[in-house]
Amino acid sequence: QVQLVESGGGLVQPGGSLRLSCAASATSFSLYAMGWYRQAPGKQRELVATIPSGSITNYADSAKGRFTISRDNARKMVSLQMNSLKPEDTAVYYCHAESPFGRNHYWGQGTQVTVSS
């Protein structure tokens, strides 16, 4: 079983920054493709960024240039550095893990990010 626990969410003003962290309890953590998704009120959950490995990252257009995803396999951690936050970034952010070949998917409980003045 893989457990994912997010932290770092909170209230921030537009233009501010937040760093989200996801702690994973998984054997062979380095084999899991990791990612961050978010779900705003009244909207579908959407991909924010993925990091299948330490050398590959993918970002939603809305996140490019502002967000940075990273992973530390030794610590079994995944982070999302969010800069230049906008009100439209307000959402519950979820950590996601996918096992090799997409056989299993795991989700964290989510952490609230609110961008408001």
Side-chain angles (χ1 to χ4, degrees):
Q1 296 295 314
V2 176
Q3 305 289 329
L4 303 173
V5 181
E6 303 97 331
S7 63
L11 175 64
V12 65
Q13 294 185 343
S17 298
L18 282 175
R19 184 177 180 85
L20 306 183
S21 296
C22 173
S25 62
T27 59
S28 301
F29 173 78
S30 64
L31 299 181
Y32 286 78
M34 303 299 297
W36 287 95
Y37 292 71
R38 68 186 182 188
Q39 186 167 21
K43 300 184 66 177
Q44 297 295 114
R45 187 172 298 185
E46 65 177 356
L47 182 149
V48 177
T50 64
I51 183 164
S53 71
S55 61
I56 301 174
T57 57
N58 304 285
Y59 297 92
D61 288 340
S62 61
K64 291 179 180 177
R66 300 189 300 126
F67 295 2
T68 302
I69 188 171
S70 61
R71 65 190 295 163
D72 185 334
N73 289 336
R75 298 176 61 191
K76 298 182 179 181
M77 297 282 291
V78 178
S79 298
L80 183 69
Q81 178 66 45
M82 305 186 294
N83 300 324
S84 301
L85 284 163
K86 306 173 181 179
E88 49 263 46
D89 293 319
T90 296
V92 176
Y93 284 70
Y94 297 91
C95 183
H96 173 259
E98 179 181 305
S99 64
F101 305 105
R103 292 173 177 169
N104 295 288
H105 296 262
Y106 304 91
W107 295 92
Q109 81 289 346
T111 185
Q112 177 70 49
V113 172
T114 302
V115 184
S116 176
S117 60

ring-ring contact (aromatic ring centres under 6.0 Å, His included) contacts in which one or both residues fall within residues 33-58, not counting sequence neighbours | Tyr37-His96, Tyr37-Trp107
Check the hydrophobic clustering (I, L, V, M, F, W, Y; side-chain heavy atoms under 4.5 Å; chains of links allowed) and say if Tyr94 and Leu47 are grouped together.
-> yes
So does Gln44 have more than 12 non-hydrogen atoms from other groups sitting under 6.0 Å from CD?
-> no
Ignoring hydrogens and angles, write down the donor-acceptor pairs under 3.5 Å from the side chains of residues 67-85, residues two or more places apart or on other chains.
unit_1 : atom_1 : unit_2 : atom_2 : d
Arg71  : NE     : Asn73  : OD1    : 2.9
Arg71  : NH1    : Tyr32  : O      : 2.9
Arg71  : NH1    : Ile51  : O      : 2.8
Arg71  : NH1    : Pro52  : O      : 3.4
Arg71  : NH2    : Phe29  : O      : 3.1
Arg71  : NH2    : Tyr32  : O      : 2.9
Arg71  : NH2    : Asn73  : OD1    : 3.4
Asp72  : OD1    : Ala74  : N      : 3.1
Asp72  : OD1    : Arg75  : N      : 3.2
Lys76  : NZ     : Ala26  : O      : 2.8
Gln81  : OE1    : Arg19  : NH1    : 3.3
Gln81  : NE2    : Asn83  : OD1    : 2.9
Asn83  : OD1    : Ser17  : OG     : 2.9

Not counting sequence neighbours, which residues clear side chain to side chain contact (heavy atoms under 4.5 Å, CB included) with Lys64? List them please.
-> Tyr59, Asp61
Sorted by first residue and then second, give each disulfide (SG to SG under 2.5 Å) pair with at least one member in residues 41-89; sequence neighbours left out.
-> none
CD on Glu98 to CE on Met34, rounded to 0.5 Å | 10.5 Å
Could you go through residues 5-15 and list every donor-acceptor pair under 3.5 Å that involves a side-chain atom there, pairing it with any protein atom two or more places apart or in another chain?
unit_1 : atom_1 : unit_2 : atom_2 : d
Glu6   : OE1    : Gln109 : N      : 3.0
Glu6   : OE1    : Gln109 : NE2    : 3.2
Glu6   : OE1    : Gly110 : N      : 2.9
Glu6   : OE2    : Cys95  : N      : 2.7
Glu6   : OE2    : Gly110 : N      : 3.2

Are the side chain of Thr114 and the backbone N or O of Thr90 linked by a donor-acceptor pair below 3.5 Å?
-> no
Name all residues meeting the ring pair (Phe, Tyr, Trp, His ring centres under 6.0 Å) criterion together with Tyr106; count only those two or more places apart in sequence or in a different chain, and write none if there are none.
-> none
Arg38 CZ to Arg45 CZ distance, which is reported to the nearest 0.5 Å | 13.0 Å
